[in-house]
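One structure below.
Bear in mind that the values here come from a model prediction, so they are computed numbers and not experimental data.
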Amino acid sequence: MASGQNKPNGLTVILPEDAIAFVEQLPIEKFHGIGEVTAAKMHSLGIHSGADLKERTLSELTHHFGKAGHYYYKIARAEDDRPVEANRVH
C-alpha cells in the first residue's frame, strides 16, 4: 500500500507504530485484493474505510465474503503475512 501513496516517484515509510492509523484512514478501494465489485459490496454494508472494516467481526466478514473475509479482517488490523520479496527481478 505504501508504495502507491506518492506515485510516481515518491516513497512512503510507514513505521510499525503508525501502521494501524495508516490503514484506518485508507479508502477501502486502496486495499490490496479489494476490487471494484468487492468495494461496491463493502459500501453497501457501510464499509468505506479501513476504520469501518476494522469495526467488523471475523464472523461477519466471513459470512459476507467467505474465505476472503479472514484476509480482510487481518489487513484491517495491519496484519499481512505475505512474504516481502525485496530482491525480485523487474
Side-chain angles (χ1 to χ4, degrees):
M1 288 181 209
S3 63
Q5 283 302 106
N6 292 317
K7 290 246 182 217
N9 300 330
L11 175 67
T12 300
V13 175
I14 303 167
L15 299 173
E17 60 268 21
D18 299 329
I20 291 175
F22 176 81
V23 168
E24 287 178 346
Q25 60 85 31
L26 279 179
I28 207 66
E29 297 84 359
K30 295 285 187 178
F31 283 84
H32 177 80
I34 297 180
E36 195 174 307
V37 172
T38 302
K41 184 172 182 178
M42 288 190 175
H43 289 167
S44 74
L45 296 168
I47 302 170
H48 301 278
S49 68
D52 296 333
L53 184 58
K54 188 177 175 191
E55 290 177 3
R56 305 307 171 110
T57 66
L58 177 58
S59 176
E60 183 179 5
L61 292 173
T62 55
H63 171 75
H64 290 290
F65 302 101
K67 291 179 187 178
H70 187 262
Y71 170 74
Y72 302 147
Y73 181 84
K74 290 181 76 170
I75 62 170
R77 288 153 181 79
E79 297 174 19
D80 189 347
D81 298 329
R82 292 175 298 155
V84 174
E85 297 178 26
N87 296 316
R88 72 178 185 197
V89 178
H90 299 295

Salt bridge K74-D80, side-chain N to carboxylate O under 4.0 Å: no
Any donor-acceptor pair under 3.5 Å from R56 side chain to Y73 backbone: no
Would you indicate whether the side-chain heavy atoms of [Y] and [X] approach each other to under 4.5 Å?
X: M42; Y: I28; answer: yes
X: L45; Y: F65; answer: yes
X: L53; Y: V23; answer: no

Heavy-atom pair of closest approach, residues G50 and A76: O-CB, 4.3 Å
side-chain hydrogen bond (donor to acceptor under 3.5 Å, both in side chains) partners of residues 61-72, not counting sequence neighbours, each pair once: none
Drop me the distance from [X]'s [atom1] to [Y]'s [atom2], to the nearest 0.5 angstrom.
X: K41; Y: E36; atom1: NZ; atom2: CD; result: 15.5 Å
X: I47; Y: L61; atom1: CD1; atom2: CG; result: 6.0 Å
X: E60; Y: L58; atom1: CD; atom2: CG; result: 10.5 Å
X: I34; Y: H32; atom1: CD1; atom2: NE2; result: 10.0 Å

Residues, nucleotides or ligands: over 12 heavy atoms within 6.0 Å of E17 CD: yes
Residues forming a side chain to side chain donor-acceptor pair (under 3.5 Å) with E29, sequence neighbours excluded: H43
Counterpart residues, side chain to side chain donor-acceptor pair (under 3.5 Å), relative to D18 (two or more places apart): none
Cluster check I20, F31: I/L/V/M/F/W/Y, side chain < 4.5 angstrom: no
